[in-house]
Amino acid sequence: MLSRLRYLLLGSPLPTKELSHKRLNKVRALAAFSPDALSSIAYANQEIYLGLLVAGSAGLALSLPIGMAIVGVLTIVALSYYQTIHGYPTGGGSYIVARENLGTVPGLVAAAALLVDYLLAAAVSLTAGVAAIASAFPVLWPHRVGLSLVLLLAITLINLRGVRESGTAVAIPVYLFLFAYLSMLAVGLVRLLTEGVADLTAVAPPPTEPLTAMLALHVFSAGCTALTGIEAISNGVPAFEAPEWKNAGRTLIVMALLMAVLFLGSIGLTQSLAVVARADETILSALARRVLGSGAAYLVIQATTMLILAVAANTSFAGFPRVSALVASDGFLPRQLTNLGDRLVYSNGIVLLAAATGALIVLFRGDTHALIPLFAVGAFLAFTLSQVGMVIHWRRMGGRGWRLKAAINGLGAIATGTTLLVVGVSKFAHGAWITLLIIPTLVTAFLRVRAHYRDVARQLSMRGLPPSLHPDLPPRVVIPISGVHRGIVEAVNFARSISREVTAVYIEVTPGAGQRVLEEWRKWWPDVPLEIVPSPFRSVIGPLLEFLDRTDEEHNDGQLAVVVLPEFVPAKWWHSLLHNQTAWLLKAALLYRRRHHGFQRVIIDVPYHLRR
């Protein structure tokens, strides 16, 4: 039943040979990799608006200049990543570029920053999407956490179905959003030309704080969240159809142009039309209401905003598993993250991201504004390391025009590095310190994981292994039993086939039960001794382990007794819930118990499958 449900939700398994056929064309790729970048106007505009609102009309008048500065940074970053795609045509995200050109630790810093950024992007996108629809239907505000988790589950299932399926599924919301918003901006431009520029001083609330340079820098740093997601295409070049690097580069340019138009267009109209939002709605909701009224067109805008923000998490689901798989393939994360699942996606990375995103949504109570201060630090740290790495890459590679290419990436490094400094300082006390603490913690964890794998490899290596000078001794076998029944017959027969020294042991939890078991045992196996071990505290595991230690000490033959463990397997999964799982607990205790006397104990499980 579970298998059928799994295939229904996720689809049937795909053979590895179909991997090359599960690539994305430019239309699907734009939908798969751009939602985070395109939808960032929702929360970036909101943060700019909230940050400047405290300074009244004078503050709101700075919206467009700050937006233009952010678009300037966007242009530099887009050109820089366009060059990164050409420099690494098989895929060159920040981790690969930093690792190959700056060294292992800078590469790990970039990887940690990217993973944190993808995680926060998913949480922010989902909570902002719910905020957008709740602006149209205020009754939904108290249910933001639950709605965000429902959207998270839907995005997770879509991505577990495969790369092409996720690209196809998110294409409709992405292109609906583009059509709706570009149409709204066009209508707003016509309205601006016919009505003229509105007076902000007439509608803006009185200032509660003075307009200072620090306030402007803080708003700039908050608005820079609009740039997150732009690196996703360079991380996902292998997902494109051939020629991968050309298609990825063209898609990146189109995405950057759309980002600039949507971001500047919405900010420009908000300022020029003197739009001010109510307390229970977002600034984009207020802009849509001002341009289109409160009818069906407004509801379409809010619905497409919610949809694009919901699927914006898809950018994280496209990037996080790939980056974690790259890091894991180098031995810095668990190797399970490199495994392709049934649908040719990194399903373990997808599930890990979903679990972490859900935890963030619950921890921050679905509040986008509370999550934003943690945002962007990781993205700009990864941007900067990537651009510095590309400067070194072009210098090392040489060739025609390398100085110009290095200069472009150098300009990108300066722009993103400066932005990182501004974001880090202005947001430090508001939560950026958490991100700055998590990143080095992750890098330390990466190094510990690699040290573990190297230690395991040294211990498993056959190099220098001396030949054994000790003769192999015949094993001693101990069979724990819960009673005399069919489930132990195969175990007893197997034990007698490998050893002449076999002992059964029964842990007597109920006084008097041991004698009845002993009498029944002697009817079937009179030549195999059965030890009855009383358990006054009704424990099974502890007395059995003590018995094994005692019998090993008594024999003192240079080995530990082999444990042959009978275990019956129920016919249905839910039947297992009706049994006490003693065999499983005993296996766990024996496997993970510290070794005694310098020897490892052999554990052999002999299953008996019930038919019904």
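The first residue in the sequence is number 1, and the count goes up from there. Note that the structure is a prediction, hence the values are computed from the model and not measured. These numbers come from the heavy atoms of this one structure, side chains and all, not from hydrogens, waters or symmetry mates.
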Less than 4.5 Å apart, side chain to side chain, heavy atoms only: is that true for S34 and L258? no
Between CD1 of I434 and CG of L120, what distance do you get to the nearest 0.5 Å? 9.5 Å
Is there side-chain contact between I70 and I48, with heavy atoms separated by less than 4.5 Å? yes
Looking at G268 and L64, what are the two nearest heavy atoms and their distance? CA-CD1, 3.9 Å
For Q271 against P65, the heavy-atom pair lying closest together: OE1-CD, 4.2 Å
Taking only residues two or more places apart in sequence or in another chain, which ones pass ring-ring contact (aromatic ring centres under 6.0 Å, His included) with Y298? none
Show, in sequence, the C-alpha distance, side-chain angles and deciding distance for T304 and V300, and conclude whether the side-chain contact (heavy atoms from CB on, under 4.5 Å) test is met. CA-CA 6 Å; T304 56; V300 168; 4.3 Å; yes
Under 3.5 Å side-chain donor-acceptor pair for T127 and S148: no
Does some side-chain heavy atom of L352 sit less than 4.5 Å from a side-chain heavy atom of F320? yes
Report yes if some heavy atom in the side chain of L149 is under 4.5 Å from a heavy atom in the side chain of V362; otherwise report no. yes
Are the side chain of D117 and the backbone of G378 linked by a donor-acceptor contact shorter than 3.5 Å? no
Please answer whether the main-chain N or O of A122 pairs with a side-chain N or O of S125 as donor and acceptor at a distance below 3.5 Å. no
Which residue is it: R99, R450, R335? I am looking for the one with a salt bridge (Lys or Arg N to Asp or Glu O under 4.0 Å) to D330. R99
Can you tell me how far the OG atom of S324 sits from the CD atom of Q336, to the nearest 0.5 Å? 11.5 Å
Among I158, L160, N159, which one satisfies side-chain contact (heavy atoms from CB on, under 4.5 Å) with T156? L160
If you compare all heavy atoms of R144 against all heavy atoms of R365, which two are closest, and at what distance to 0.1 Å? NH2-O, 4.4 Å
Heavy-atom pair with the smallest gap, counting every atom of A413 and V388: CB-CG2, 3.8 Å
Here the gap from I66 atom CD1 to L62 atom CG, rounded to the nearest 0.5 Å, amounts to 5.0 Å
Check step by step if side-chain contact (heavy atoms from CB on, under 4.5 Å) holds for L287 and L269. CA-CA 8 Å; L287 174 62; L269 284 178; 3.9 Å; yes
Tightest non-hydrogen contact, residues Y49 and V276, listed as OH-CG1, 3.2 Å
Are the side chains of T282 and T305 in touch, meaning some heavy atoms are under 4.5 Å apart? no
Going by heavy atoms in the side chains, are K26 and V254 under 4.5 Å from each other? no
At their closest point, which heavy atom of P321 faces which heavy atom of G349, and how far apart are they? CG-C, 4.1 Å
Under a 3.5 Å cutoff, is there a donor and acceptor pairing between the side chains of Y81 and S94? yes
Inter-residue atom distance L264.CG - S266.OG, 0.5 Å rounding: 8.0 Å
Verify, without hydrogens or angle tests, whether E47 (side chain) and V219 (backbone) share a donor-acceptor contact under 3.5 angstrom. no
Counting distance only, does the side-chain N/O of N247 pair as donor-acceptor with the main-chain N or O of F240 below 3.5 Å? no
Return yes if some donor-acceptor pair links the side-chain N/O of Y118 with the main-chain N/O of V323 below 3.5 Å, else return no. no
Let me confirm one number: the CD1-CG distance from I439 to L108, rounded to the nearest 0.5 Å. 12.0 Å
With the side chain counted from C-beta on, respond yes when L385 and L381 share a heavy-atom pair under 4.5 Å apart, and no when they do not. yes
Trace of the side-chain contact (heavy atoms from CB on, under 4.5 Å) decision for Q387 with T84: CA-CA 8 Å; Q387 301 315 309; T84 300; 4.3 Å; yes
Look at the rings of F380 and F383 and say which category their plane angle falls in: under 30° parallel, 30 to 60° tilted, over 60° perpendicular. perpendicular
Tell me, with the steps shown, if Y346 and N339 meet side-chain contact (heavy atoms from CB on, under 4.5 Å). CA-CA 6 Å; Y346 297 110; N339 297 338; over 6 Å; no
Is Y95 reaching over with its side chain to a backbone N or O of L114, donor-acceptor style, under 3.5 angstrom? no
To the nearest 0.5 Å, what is the distance between CG (L30) and CG (L178)? 7.0 Å
Quick one: does S63's side chain have a donor or acceptor within less than 3.5 Å of a partner on L60's backbone? yes
Checking the side chain of Y175 only, and the main-chain atoms of V27 only, is there a donor and an acceptor separated by less than 3.5 Å? yes
Validation row: L182, L262 side chains within 4.5 angstrom (heavy atoms): yes
